[in-house]
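Nothing here was measured: the structure is a model prediction, and the numbers come from that model. Just so we're on the same page: letters track the sequence lines, and every chain starts at 1.
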Amino acid sequence: MQIGEISQRSGITVRMLRFYEAEGLLRPHRTDSGYRDYSEADVEEAKRIKQLADAGLTVEAMHDLLPCIISPKPTFHPCDRLRARLEGEVAKLDKRLADMERSRSQIAGYLADLPVEVPAVMSQE
DNA sequence: ATTCTAACA
DNA sequence: TGTTAGTA
């Protein structure tokens, strides 16, 4: 099938399907004319990729996790290092959350100290 | 009509 | 990630 069909069936944009391929996540065959030719197996793989992408995982993480997924749920198979990798992802998110909280309080502080604006019609009178 | 690669007011 | 260009 062509890229347009797997796109609608997987929910991944054509743009991203090409990007993931460039990243080595999906390897569809090519027709004589150079068009990507996807198989049913590719559709299942694409659905798994979609799940991981929606979880906010990076392409690098997907490379590690995809081989450990059995169903498109995804259900993870106890591969070696799988637990460590998932824990690593959670650690990264915890780091980002901490950074964002610092940023939030900083900006909230600017907002709290902001002088009250006087309406133009009043300041001119 | 669709897809392909490359590139960015 | 979108979008556009010029093809196949």
Residues of residues 2-14 of chain A with any non-hydrogen atom less than 4.0 angstrom from an atom of DNA chain B: list those, numerically ordered, please.
A:Gln2, A:Ile3, A:Gly4

Indicate yes or no: does A:Asp99 engage A:Arg102 in a salt bridge with an N to O separation below 4.0 Å.
yes

When clusters are formed by joining ILVMFWY residues with side-chain heavy atoms under 4.5 Å apart, either directly or through shared neighbours, do A:Tyr35 and A:Ile6 land in the same one?
no

Least distance between heavy atoms, A:Leu66 atom then A:Arg48 atom:
CD2-CB, 3.9 Å

salt_bridge(A:Glu101, A:Arg104) N-O dist < 4.0 Å:
no

Please name the pair of heavy atoms, one in A:Val14 and one in A:Gly4, separated by the smallest distance, quoted to 0.1 Å.
CG2-CA, 4.5 Å

Under 3.5 Å, which N/O atoms of the protein pair with N/O atoms of nucleotides 5-8 of chain C?
unit_1 : atom_1 : unit_2  : atom_2 : d
C:dA8  : N3     : A:Tyr35 : OH     : 3.4

A:His63 side chain vs A:Glu23 backbone, donor-acceptor pair below 3.5 Å
yes

Restricting to non-hydrogen atoms, name the atom on A:Ala46 and the atom on A:Leu26 that form the minimum distance, rounded to 0.1 Å.
CB-CD2, 4.4 Å

Start and end of the DNA chain B segment that chain A contacts, any atom under 4.0 Å from a heavy atom:
B:dT2 to B:dT5

Give a yes or no on whether the backbone of A:Ser39 and the side-chain of A:Asp42 come within a donor-acceptor separation of less than 3.5 Å.
yes

For DNA chain C, determine which residues of residues 15-27 of chain A have any heavy atom closer than 4.0 angstrom to one of its atoms, and list them numerically.
A:Arg15, A:Met16

Should A:Phe19 and A:Leu25 count as side-chain neighbours, where that means a heavy-atom distance under 4.5 Å?
no

Looking at A:Ser10 and A:Val43, would you say the former's side chain and the latter's main chain have a donor-acceptor pair under 3.5 Å?
no

Could you write out DNA chain C as a dot-bracket string, with dots for unpaired bases, | for bases paired across to another strand, and Watson-Crick or G-U pairs counted at under 3.5 Å?
.|||||.|

Before accepting this row, confirm whether a basic side-chain N of the pair A:Glu21/A:Arg27 lies closer than 4.0 Å to the acidic partner's carboxylate O.
no

For A:Met1 versus A:Asp37, what's the shortest heavy-atom pair and its separation?
N-OD1, 3.1 Å

Less than 4.5 Å apart, any side-chain heavy atom of A:Leu86 and any of A:Leu82?
yes

Residues in salt bridge (charged side-chain N to carboxylate O under 4.0 Å, His left out) with A:Arg9, at least two apart?
A:Glu5, A:Glu40

For A:Pro28 versus A:Arg36, what's the shortest heavy-atom pair and its separation?
CG-CG, 3.6 Å

